[in-house]
There are 2 protein chains.
Amino acid sequence: MAETGTQGGETLLFLTDEQLRKGIEAMFFAYRGFTADPDRILDQHGYGRAHHRAIHFINRQPGLTVTTLLAVLGVTKQSLNRVLRTLIEDGLVENRVGRRDKRERHLYLTPAGEALERELSGAQRERMRSAYRAAGPQAVAGFRQVLEAMIDPDMRRHYQMMKDGG
Amino acid sequence: MAETGTQGGETLLFLTDEQLRKGIEAMFFAYRGFTADPDRILDQHGYGRAHHRAIHFINRQPGLTVTTLLAVLGVTKQSLNRVLRTLIEDGLVENRVGRRDKRERHLYLTPAGEALERELSGAQRERMRSAYRAAGPQAVAGFRQVLEAMIDPDMRRHYQMMKDGG
DNA sequence: CTTGGAAAGTCAACAAGGCTGACATAAAAT
DNA sequence: ATTTTATGTCAGCCTTGTTGACTTTCCAAG
């Protein structure tokens, strides 16, 4: 009760424009670090960030349909198709006709696709792990809380779907 | 000492691949939310994300030189120049010859530039503020800690320069 | 004072990865 | 039988990144 200018015992200084600006810039610079290692690897293989995203989510949810992947990635089918086509041609992704609904195509990583996925996610996890370790478990919990609150409501269901496995 | 499988009294479960993967996906979806509002505004004005980044840092550090901005943004001068040229032509950015070193050009926002900057950062801060408020001050502290640990060492000095009020 | 290098700008060409619009096919649903 | 859905494709456009080559201006060191 010695504090002044507080509400519910918590100061609101973390909501100042200055604090928000710092968070915005941290987000900008951190995202660059976040993508830097995969970008290097992708470059060696002649792929780009768009290929990584497709590979990531196909690995995460093997057998998802093109429409689902489209919704998760939030791009047009023409844009995704360009990427998906090269991955299929190169033998990293497989395209199986749906059993129940034969219009659907279910996407799977081939062993080669899984190998690239491991290479990419390994590098990305390494940086993440190092940041987590440096910050500690409590900071990590806060990190996730804020990020999840930033996700667009329309996208949150996709995030949850992936997060909760399956 | 009643705990098992712990080190220094802290569990290491937050470093599992599964936890890291969730962090990676949260980062992916959150960054999309992070850029969504400014992107809509930029689109109305006929600009792109590259213009936003330039405007942001010029506003943050008025009078910075082209070389500095180049280093902060991490793009080539040809790429930046294309963006900068349109901003100058449109009267949002001003380009002053350096007093000490006349080779340098110092960048400033015009009143019109400042108006757009406020519109953009206002929208971005609103989302950030809402996420901060939902997560609380302790989570915000953790959020910043993890993000800062993710920043590439080469980039950290630029982040610090901006952060500490350049 | 000359010369080398730094700061800025420009031209051309290219690539990745977004977008729209139009259209085709197969299969499911009505 | 008809309509709708899922997928795929073609063509063309835009933004924003890249390389490489070259110029002008100006500072600084010899």
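In what follows, chains carry the letters A, B, and so on, assigned in the order in which the sequence lines appear, proteins first and then strands, with residues in each chain numbered from 1. None of the values given here were measured: they were computed from a predicted structure.
Ring geometry for A/His45 versus A/Tyr47: interplanar angle under 30°, hence parallel rather than tilted (30 to 60°). Between A/Tyr132 and B/Phe14, the ring planes are parallel. Angles under 30° get that label, and only those over 60° would be called perpendicular.
The distance between atom CG of A/Leu80 and atom C1' of C/dC19, rounded to the nearest whole Å, is 14 Å. Atom CG in A/Asp39 sits about 13 Å away from atom C1' in C/dG17, given to the nearest Å. C/dG17 atom P lies 13 Å from atom NE2 of A/His52, rounded to whole Å. Going from atom CG of B/Asn81 over to atom P of D/dA21 covers 19 Å, rounded to whole Å. Straight-line distance from the CG atom of B/Leu73 to the C1' atom of D/dT16: 12 Å, rounded to whole Å. Between A/Arg49 atom CZ and D/dT16 atom P there is a gap of 14 Å when expressed in whole angstrom units. In this entry the distance linking CG of B/Leu42 with P of C/dC19 reads 16 Å, nearest Å. Regarding B/Asp43, its CG atom lies at a distance of 12 Å from the C1' atom of C/dG18, rounded to whole Å.
A salt bridge does not link A/Lys22 with A/Glu25: none of the charged nitrogens is closer than 4.0 Å to a carboxylate oxygen. Using a cutoff of 4.0 Å between basic side-chain nitrogens and carboxylate oxygens, B/Arg40 and B/Asp37 are scored as salt-bridged. The pair A/Arg21-A/Glu18 meets the salt-bridge criterion, with a side-chain N (NZ, NE, NH1 or NH2) lying under 4.0 Å from an Asp/Glu carboxylate O. A salt bridge between A/Arg125 and B/Asp17 is present, with a side-chain N of the basic residue lying under 4.0 Å from a carboxylate O of the acidic one. By the 4.0 Å N-to-carboxylate-O rule, B/Glu148 lies close enough to B/Arg144 to be salt-bridged with it.
Judged purely by atom type and a 3.5 angstrom limit, A/Thr110 uses its side chain to pair as donor or acceptor with the backbone of A/Leu92.
Applying a 4.0 Å cut-off to non-hydrogen atoms, the residues of residues 82-96 of chain B that approach DNA chain C are B/Arg85, B/Asn95, listed by residue number.
Looking at residues two or more places apart in sequence or on another chain, you find no salt bridge (charged side-chain N to carboxylate O under 4.0 Å, His left out) involving B/Asp90.
Side-chain atoms of B/Glu104 lie closest to C/dA7 of the nucleotides C/dA7, D/dT16, C/dG18. When distances run from any side-chain atom of B/Gln78 to the nucleotides D/dT16, C/dA12, C/dG9, the shortest one goes to C/dA12. When distances are taken from the side chain of A/Lys77 to each of C/dA7, C/dG9, D/dT9, the shortest belongs to D/dT9.
The shortest distance between the side-chain N/O atoms of A/Thr76 and the OP1/OP2 oxygens of C/dG18 is not below 4.0 Å.
Nucleic acid contact for A/His51: sugar-phosphate only, since backbone atoms but no base atoms lie under 4.0 Å from a heavy atom of the residue.
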Task: Base versus backbone protein contacts along nucleotides 24-30 of chain D [heavy-atom cut-off under 4.0 Å; B, S, -] - done: -BBS---
